[in-house]
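Because only heavy atoms are used, hydrogens play no part in the values below, and waters and symmetry mates are left out as well, while side chains stay in. We count ligands from 1, going down the list as the structure has it; atoms in each ligand are counted the same way.
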Amino acid sequence: MQYRKGLHEVGDGIWAYLQPDGGWGWSNAGLVTGDGTSLLVDTLFDLRLTAEMLAAMRRTTSAAEQIETVVNTHANGDHCYGNALLEGSAIVTTARCAEEMPLVPPETMAAVVRSGPALGPAGAFLARVFAPFAFDDVPLVLPTRTFEGSLALRVGGRAVSLLEVGPAHTAGDAVVHLPDDGVVFTGDILFHGSHPVVWAGPVHNWIAACDRILALAPRVVVPGHGPLAGPAALTDLKEYFELLTREARARFDAGMTALDAARDIDLGPFAGWGEAERVVTCVHALYRDFGGEAPGDALVLMGDMAALAR
Ligand SMILES: [Zn+2]
């Protein structure tokens, strides 16, 4: 299927909404319908993009007029800042995601983008990659219902299963599984065609998350970013993490910094993936798993990514 912007039907009454090129902030979402009502998987990074998506959904199916439930797969703004347009819907996520969501509200992103280079290389990097998005005057609308482990929902007659698989990309990652349709919306457990950002880790838990999704034997895998995928993309991601775990371990033992290790590692079959600066977030998470120092906050990771992206 072509990687083009907009809705793609991935099952009977199930759509993925894709935003090429899938880079920083260009996230995917989804709509699951049943008996005239619907469930939205994730909102987008700003209100304009989310409104555009909702309009496309309403043109495609009248069930999009009745979005009873929104699921936020995790706390990053490109998956929840559009919640303000869904007030009146139940907003569901993991308890850990709900705790994490208020930590980086839209006004923080707006301030970072405004300040830009004044915040150093990390600020300049953020201002550049997030320039296309509008964070001013976006109210953060928090989840109304949380769960731990798993949660069974229904959309009309259709079964929907939410599975908590984090911490991995963030503290509270969840995936949305449609067991009767063979479809999984992974959120950012899968970046398809680009390097994953490891905000939380541990990396071995992300590998376990891939295994859990693979065990569901999905026919269609809707990634959080990038084109539609099948299970093979999750197998590739596992191999990527396994390669980085081996290579980072050798460099950790040799006393190399995470940034130097990220520069030094031969990415082999994954060298063509986009946003290669993100490798350092994985190396930092692995170093912490190996017993090294925690990488510090997101601004430290951003600073190292800015250094790699130069
Ligand atoms: Zn994302």
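A salt bridge links Glu247 to Arg251: one of the charged nitrogens lies within less than 4.0 Å of a carboxylate oxygen.
For the ring-ring contact (aromatic ring centres under 6.0 Å, His included) with His225, the lone residue among Phe191, Trp26, Trp273 that qualifies is Phe191.
Using cut-offs of 30° and 60° on the angle between ring planes, the pair Phe130 and Phe135 is perpendicular.
For the Zn ion (ligand 1), protein N, O or S atoms closer than 2.8 Å were enumerated as Asp78 OD2, His79 NE2, Asp188 OD2, His225 NE2, with waters left out.
With hydrogens and angles ignored, the 3.5 Å screen pairs no side-chain donor or acceptor of Thr94 with any backbone N or O of Ala174.
Shown here are the side-chain contact (heavy atoms from CB on, under 4.5 Å) partners of Arg158, two or more places apart in sequence or in another chain: Ile14, Val32, Thr33, Asp181.
The number of heavy atoms from other shown groups lying within 6.0 Å of CG (Asp253) is above 12.
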